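Report on the following structure.
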There are 2 protein chains.
Amino acid sequence: MTVKTECVFIKKARKQDVREKQTRVQRMCADSSGSASWQQANMPRLKSGGVPTLADVARASGVGIATVSRVVNGGVNVSPETLKKVQRAVRRLGYLPNHAARILKGGRTKTIGLLIPSIADSFFSSCAGTAGEVAQAHDSLLLFAESNNDPALELSNLAVLMQHRPDGLLLVPSSASNRALRLFVQQSPVPIVTLDRPFPGCAAVLTNSFEAAREATLHLVGHGRKRILCLAAEPSLYTIRERLRGYSDAMLAAGLPSLIDTSLAIGAHNAETLIQGHLGSRTPPDAIFTLKNSATTAAYQALQRLKLNIPREIALIGFDDFELAGMLRPALTVVQQPIEDVGRRAAELLFAQLGSDDGSTPPASLRRTRLVLPNRLLLRSSCGCRHSARGPEE
Amino acid sequence: MTVKTECVFIKKARKQDVREKQTRVQRMCADSSGSASWQQANMPRLKSGGVPTLADVARASGVGIATVSRVVNGGVNVSPETLKKVQRAVRRLGYLPNHAARILKGGRTKTIGLLIPSIADSFFSSCAGTAGEVAQAHDSLLLFAESNNDPALELSNLAVLMQHRPDGLLLVPSSASNRALRLFVQQSPVPIVTLDRPFPGCAAVLTNSFEAAREATLHLVGHGRKRILCLAAEPSLYTIRERLRGYSDAMLAAGLPSLIDTSLAIGAHNAETLIQGHLGSRTPPDAIFTLKNSATTAAYQALQRLKLNIPREIALIGFDDFELAGMLRPALTVVQQPIEDVGRRAAELLFAQLGSDDGSTPPASLRRTRLVLPNRLLLRSSCGCRHSARGPEE
DNA sequence: GCCGCCGTTGGAAACGTTTCCAGCAAACGG
DNA sequence: CCGTTTGCTGGAAACGTTTCCAACGGCGGC
């Protein structure tokens with residue numbers, strides 16, 4: 001018997017020790033002071049080690065735990081004076097609900113997972129921004145992870161993400177043919193909306209890459225260009241493939257030969273020698289259509305270095321607008337993607353699938369919704385149009 | 001007795017009901033199929049409602065919960081055959097640890113809070129990117145929130161963020177004079193590192209705005225400019241104030257009058273009329289120094305529209321590099337900030353404060369560390385230098 | 001041959017919250 | 001004056017983990 005008691009004692013002492021350590025570490029920033037006057041109070045220091053809990057508040061205000069919980073959750077069925085008393089204690093102790101404990105009870109985590117190739121890419125950071133706004137409107141937080149377009153990394157980060165049990169997932173799938181990802185999607189306990197690229201079994205918010213590329217190409221054709229070079233990187237990506245398809249389709253319709261070079265890696269030097277090579281051929285291109293932001297700027301820089309006159313000697317249209325495209329000389333004609341709308345609409349679609357907080361039933365049709373937002377051809381002067389007369393457009 | 005039993009029964013039934021509903025909602029995407037062959041097995045359906053738990057795995061593999069936990073956490077002190085058996089069950093059931101339950105036990109949450117003004121701002125999204133890399137290296141996730149530089153929003157989002165109990169905080173404080181924020185920082189249970197702007201009591205990773213602004217100004221002076229207009233927006237921000245100080249200091253040292261206009265709101269039109277106003281004065285500026293990316297592009301656009309020759313008639317240096325600054329005609333001389341390093345170093349500093357996973361003691365000095373990273377003056381041609389000879393530099 | 005050690009295992013407590021239920025007092029209708 | 005409702009309150013179970021401890025069997029050393 002004594003042995004047992006002693007064991008218990010040891011156990012308690014150890015617990016205390018751990019607590020002590022944790023607290024010390026946690027307090028590293030808080031040092032002394034603080035509103036911790038209550039800590040030296042009469043209570044046995046049983047609880048109240050580090051961060052205040054419901055029980056601490058309950059003890060400090062002399063009510064039950066359940067009552068404090070009710071107060072924290074909106075204060076229904078609580079008498080005014082109790083309400084006030086508890087609220088004071090909450091403020092005094094600086095109590096914040098422990099989210100982990102809340103979600104352990106099975107409710108929403110108020111968290112949306114966002115898995116994108118790279119947050120440093122302005123396209124995806126813009127998506128993240130508007131998605132974050134929507135999340136905030138539903139007072140949820142965004143949980144970020146990056147995939148670098150690498151299926152393996154994507155999968156492992158997805159696993160980490162799912163351990164946090166987000167209510168839903170915004171996903172930019174690296175590739176539609178990823179078997180493991182497809183399996184995950186099928187078994188996913190939460191709704192998934194993909195951005196920018198479709199994935200079988202998921203709702204998706206896309207842009208009409210095909211039509212936009214087709215339109216841009218035909219625009220160049222309309223300017224009398226006959227040898228339009230299409231520069232693409234990473235044809236493994238859905239959007240790039242679609243744009244390629246649009247380009248080819250337009251060229252075919254115009255009775256012109258497709259001229260595609262997918263060898264462009266990121267980096268200006270490569271672009272320069274690459275373009276130089278094309279220009280030196282027997283039948284040099286009289287226009288370039290780039291399918292990607294980095295390709296566009298690389299091509300532009302290369303053409304500048306080669307002292308080629310844009311658009312007289314060679315026209316240029318690029319995919320994806322960027323801030324200063326209109327300030328360049330000549331101003332760049334680009335396909336402008338509705339980037340921010342993609343993030344916003346995807347998040348809205350996701351929250352629609354989650355349904356309102358009241359257990360209302362979200363229509364099952366949302367699961368397969370496919371939203372296609374329109375790209376816009378932003379005519380400036382690099383395509384041959386005379387938009388540069390007044391300088392950069394507003 | 002019977003009453004009590006009935007009560008229990010009813011209770012169970014209700015629970016079941018809730019479970020059922022949750023499961024239905026959660027499964028919306030999963031439909032039928034899946035690897036759920038084990039669900040129709042012999043066991044009473046006591047547990048195993050939706051997402052598999054440790055107990056489910058334990059039952060499926062015929063061992064105890066504790067053993068499964070050991071397997072999941074690295075499999076020390078588990079016999080090889082048990083290990084294999086449990087691992088198979090884990091895979092078959094698609095078990096993922098419930099993060100909430102884990103952190104409820106008091107460990108690290110493997111989560112870093114990131115509170116920035118706006119993720120859509122390329123400066124902060126770059127920071128976020130590198131910070132995210134560091135976080136991933138410590139297999140943690142980033143929890144995002146935006147403040148819009150609004151102290152009230154900052155505080156409320158901070159409260160939401162803290163409910164998720166991040167292990168540490170990366171913060172871009174909207175203002176150092178925010179009393180409530182200062183109170184929060186003092187009592188914060190977790191270490192905080194601020195980015196780009198200092199805050200009393202926090203470690204900080206900054207850039208030497210003062211020196212860089214001074215250097216840029218003196219560079220313009222060196223080109224013989226005498227009336228250098230400084231365009232600033234939001235002088236409430238630390239970095240802007242520092243840059244203003246650097247400018248003023250340089251002008252004073254050069255015996256020139258400071259010419260500061262802080263009335264620039266974001267938007268090109270305002271900049272145009274604003275600059276037009278300055279140019280129409282009796283003593284028009286012969287150089288402009290802009291303290292902010294948006295001000296730089298606005299000024300550049302305005303000068304282009306007004307058909308002013310840069311740098312002959314008016315020189316221009318801007319704060320913050322951007323991708324195409326070198327491709328403009330003339331190429332823009334800018335102060336290049338070590339954006340990515342800021343995010344990376346800040347995250348590293350934060351994790352250093354957290355200490356290694358083993359309860360080692362992180363040196364307390366880290367708490368007040370202030371890292372100042374150097375800005376670089378990137379000479380191109382808009383300041384008067386002849387760097388444009390070969391076209392845009394690499 | 002007994003004792004104690006070691007490797008392996010499972011039971012059970014604890015983490016902080018929500019929520020069901022019961023208890024209690026006051027108010028109210030009969 | 002009693003029975004019932006109503007409003008407020010607190011106890012306690014449950015969520016899924018981790019981890020402490022006890023138990024158990026085998027084995028080597030004395």
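What you see is a predicted model; the values in this text were computed from it and never measured. Letters go in sequence order (proteins before strands), and every chain restarts at 1. As a basis for the values below, the full set of heavy atoms in this structure was taken, side chains included, without hydrogen atoms, waters or symmetry mates.
Rounded to whole Å, the distance from CD on A:Glu81 to P on D:dC8 is 9 Å. The interatomic distance linking B:Ile65 (CD1) with C:dA14 (P) rounds to 17 Å, in whole Å. Distance, A:Leu54 CG to D:dG11 C1': 14 Å, rounded to whole Å. As a whole-Å value, the separation of A:Leu96 CG from C:dG16 P is 14 Å. The distance between atom NE2 of A:His164 and atom P of D:dG16, rounded to the nearest whole Å, is 18 Å. Going from atom CZ of A:Arg59 over to atom C1' of D:dG10 covers 15 Å, rounded to whole Å. Computed from coordinates, the A:Asp56 CG to C:dC15 C1' distance equals 13 Å when rounded to whole Å. D:dC21 atom P lies 14 Å from atom CZ of B:Arg70, rounded to whole Å.
Nucleic acid contact class of A:Val72 (heavy atoms, under 4.0 Å, all strands): none. Using a 4.0 Å heavy-atom distance criterion, B:Asn77 is classed as a base contact. Residue B:Ser79 is classed as a sugar-phosphate contact, given heavy-atom separations below 4.0 Å to backbone atoms only.
Nearer to the 5' terminus of DNA chain C, by closest-nucleotide assignment, is the contact made by B:Val63 (compared with the other of B:Ala101 and B:Val63). Positionally, the nearest nucleotide of DNA chain C for B:Val68 lies more toward the 5' end than for the other of B:Leu104 and B:Val68.
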Stepwise side-chain contact (heavy atoms from CB on, under 4.5 Å) test for B:Leu115 and B:Asn157: CA-CA 8 Å; B:Leu115 185 59; B:Asn157 279 357; 4.2 Å; yes
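For B:Ala66, counting side-chain heavy atoms from C-beta on, the closest listed nucleotide (D:dG16, D:dT19, C:dT19) is D:dT19.
Using a 4.0 Å cut-off, some side-chain N or O of B:Thr82 falls inside it from OP1 or OP2 of C:dT9. In terms of phosphate contacts, A:Asn98 brings no side-chain nitrogen or oxygen within less than 4.0 Å of OP1 or OP2 of C:dC15. Within the structure, every side-chain polar atom (N or O) of B:Thr67 is placed at least 4.0 Å from both OP1 and OP2 of C:dT9.
The existence of a salt bridge linking B:Asp139 and B:Lys110 is confirmed by a sub-4.0 Å separation between a basic side-chain nitrogen and an acidic carboxylate oxygen.
Each of A:Val71, A:Val57, A:Val68 was checked for a side-chain contact (heavy atoms from CB on, under 4.5 Å) with A:Val63, and the lone residue meeting it is A:Val68.
B:Arg165 contributes no side-chain N or O that forms a donor-acceptor pair with the base of C:dG16 under 3.5 Å. A donor-acceptor contact under 3.5 angstrom links the side-chain atoms of A:Lys105 to the base of C:dT18.
With rounding to the nearest 0.5 Å, the separation of CD in A:Gln87 from OH in A:Tyr95 is 13.5 Å.
Under the 3.5 Å distance criterion, the side-chain polar atoms of A:Ser140 are matched with a main-chain donor or acceptor of A:His138.
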